[in-house]
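Have a look at the structure below before the remarks.
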Amino acid sequence: MANDKSLIEILKSRGVSRRAFLKFCTTTASMMALPPSMVPAIASAMENARRPSVIWLSFQECTGCTESLTRSHTPTVEGLIFDAISLDYHHTLQAASGDAAEHAREEAMKENYGSYLLVVDGSIPLDNPGYSTIAGISNLDMLKETAKGAAAIISVGSCAAFGGLPHANPNPTGAASVADIIKDKPIINVPGCPPIPVVITGVFLHYLTLGTIPELDGLGRPKAFYGQNIHDRCYRRPFYERGQFAETFDDEGARAGWCLYKLGCKGPITYNACATMKWNQGTSFPIESGHGCLGCSEPRFWDMGGFYTALSEPTLDVTRAVGVAAAVGAGAGLAVGAVNQIKKKRAQSNHETVSVDDYKEDA
Ligand code: SF4
């Protein structure tokens with residue numbers, strides 16, 4: 001529990017060489033969208049960083065977020081980085097149970113009051129506190145009590161960030177997000193069902209090295225990881241541009257790797273790093289495995305009109321539409337579909353949420 005060793009001491013004791021450490025700092029800078037000139041500053045900050053105490057609370061969730069984090073099957077430096085935080089309480093991973101577990105949480109809160117990081121996965125049921133309790137304490141009371149002494153809160157997964165699956169219509173438990181309840185602490189949303197492991201560790205790294213929370217978009221997500229939509233980075237995009245779409249999951253188009261838009265892909269309205277960072281140590285991501293994006297890092301993705309329902313008929317490419325608009329002028333008879341696409345592009349560049357209904361305007 002004590003923050004006794006610096007990060008570099010811990011990494012050295014694990015056999016991580018200076019060269020590997022500097023390479024890791026370079027990767028970290030690039031992950032956090034920082035220029036290479038920041039690498040020496042990151043290395044210096046990491047060498048001196050002390051392990052922050054972390055309290056991790058799991059509420060209405062499926063354990064997928066923790067599974068995601070622990071699914072690395074070979075040791076990596078980003079795996080080792082978790083030795084660099086003092087994970088003082090985690091319902092799923094801790095060996096302690098009962099009174100001993102609760103004692104660990106209370107001790108961590110007392111010893112590190114004002115400086116610990118609170119991580120939450122899962123939503124909080126508000127309709128009836130008895131829906132979900134830990135050690136006889138309702139999720140709501142435990143969240144409020146633990147948030148009091150936290151320096152910042154990281155909401156891991158779409159349930160903690162936006163309500164997620166428990167919030168899906170008709171929301172039988174009155175599920176709420178952390179930000180719906182806690183108003184006086186910095187909150188970083190790391191949505192996804194589950195989030196990409198390297199994104200979770202990247203947020204920790206940012207806090208550990210720079211001592212600040214990363215720059216966030218309008219939905220509280222770090223821009224470094226959620227600043228671009230899947231569609232703009234998708235390797236199937238050329239097929240979209242050429243109008244080549246799979247119509248079923250086993251037709252010729254699907255076998256040829258064509259665009260999955262007509263099979264319900266929500267890539268055009270989803271902001272996440274899946275297309276660039278991928279999963280399972282960079283092996284693949286859902287679209288590469290032949291399944292459209294579900295939009296899991298967006299609010300209310302369960303209620304976005306069906307996982308296999310297309311957003312609308314695909315229309316003019318947004319980039320081309322903006323170019324056309326610039327060339328001929330907004331008042332020169334632009335097609336309604338193109339105008340709508342421009343509106344969406346603007347909203348997306350401001351990181352506003354574009355709803356399914358916005359796309360249906362073009363249908
Ligand atoms: S619609 Fe989906 S599969 Fe097609 S290019 Fe966009 S993100 Fe990729």
Side-chain angles (χ1 to χ4, degrees), residues 158 191-196 198-199 217 219 221 223-280 282-324 335 337-338 340-363:
S158 291
C193 192
I196 304 169
V198 77
V199 169
D217 71 6
L219 293 172
R221 303 175 294 195
K223 282 185 180 176
F225 305 111
Y226 298 89
Q228 289 180 305
N229 73 16
I230 303 285
H231 189 57
D232 285 345
R233 302 305 298 267
C234 179
Y235 75 102
R236 295 191 191 228
R237 181 66 177 265
F239 295 110
Y240 176 93
E241 301 298 340
R242 290 200 291 267
Q244 291 176 308
F245 300 100
E247 304 280 343
T248 67
F249 282 106
D250 58 356
D251 66 9
E252 283 302 316
R255 277 190 278 278
W258 288 1
C259 174
L260 301 169
Y261 188 95
K262 290 189 177 179
L263 294 174
C265 182
K266 305 297 185 293
I269 57 167
T270 302
Y271 288 78
N272 206 338
C274 301
T276 46
M277 292 189 163
K278 302 190 179 180
W279 290 77
N280 298 320
T283 304
S284 184
F285 71 114
I287 290 171
E288 196 169 343
S289 303
H291 195 287
C293 167
L294 300 183
C296 76
S297 56
E298 297 300 320
R300 298 176 293 284
F301 80 98
W302 283 91
D303 296 322
M304 285 205 299
F307 291 156
Y308 300 103
T309 305
L311 292 168
S312 71
E313 282 302 303
T315 53
L316 190 61
D317 163 50
V318 289
T319 315
R320 241 182 289 143
V322 172
V324 170
N340 288 336
Q341 292 286 11
I342 293 163
K343 275 164 45 191
K344 278 169 235 156
K345 184 75 178 171
R346 283 189 185 141
Q348 287 163 355
S349 66
N350 288 330
H351 307 286
E352 294 166 10
T353 300
V354 182
S355 76
V356 175
D357 289 340
D358 291 331
Y359 276 78
K360 283 179 177 165
E361 289 170 36
D362 300 334

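Throughout, numbering of the chain's residues begins at 1 and tracks the sequence. Remember, it's 1-based here, ligands and their atoms both numbered in the order they're listed.
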Heavy atoms only: give me the nearest Ala246-Gly253 pair and the separation to one decimal. CB-C, 4.0 Å

If I compare all heavy atoms of His291 with all of Phe249, which pair ends up nearest, and what's the gap? CA-CE2, 4.4 Å

Measure from atom 4 (Fe) of ligand 1 to every heavy atom in Gly257, Cys259, Cys234 and give the option owning the shortest one. Cys259

Would you find a donor on one side and an acceptor on the other, under 3.5 Å apart, between the side chain of Asn229 and the backbone of Pro268? yes

for atom 2 (Fe) of ligand 1, nearest protein heavy atom and its distance come out as Cys265 SG, 2.3 Å

Minimum heavy-atom distance between Tyr261 and Tyr240, given as atom pair plus value: CD1-CE1, 3.6 Å

Quick note on ligand 1: atoms under 4.0 Å from a heavy atom of Arg237 include exactly 5 (S)

Under 4.0 Å from a heavy atom of His231: give me the atoms of ligand 1 that qualify, with their elements. 1 (S), 5 (S), 6 (Fe), 7 (S)

How far apart are the closest heavy atoms of Leu260 and Ile287, and which atoms are they? CD1-O, 4.0 Å

For atom 3 (S) of ligand 1, what's the nearest protein heavy-atom neighbour? Residue, atom name and distance, please. Leu260 N, 3.4 Å

List ligand 1 atoms under 4.0 Å from Tyr261, heavy atoms only on the residue side. 1 (S)

Which ligand 1 atoms are under 4.0 Å away from a heavy-atom of Gly267? 7 (S)

Run the salt-bridge test on Glu298 and Lys266 with the 4.0 Å N-O cut-off and return the result as yes or no. no

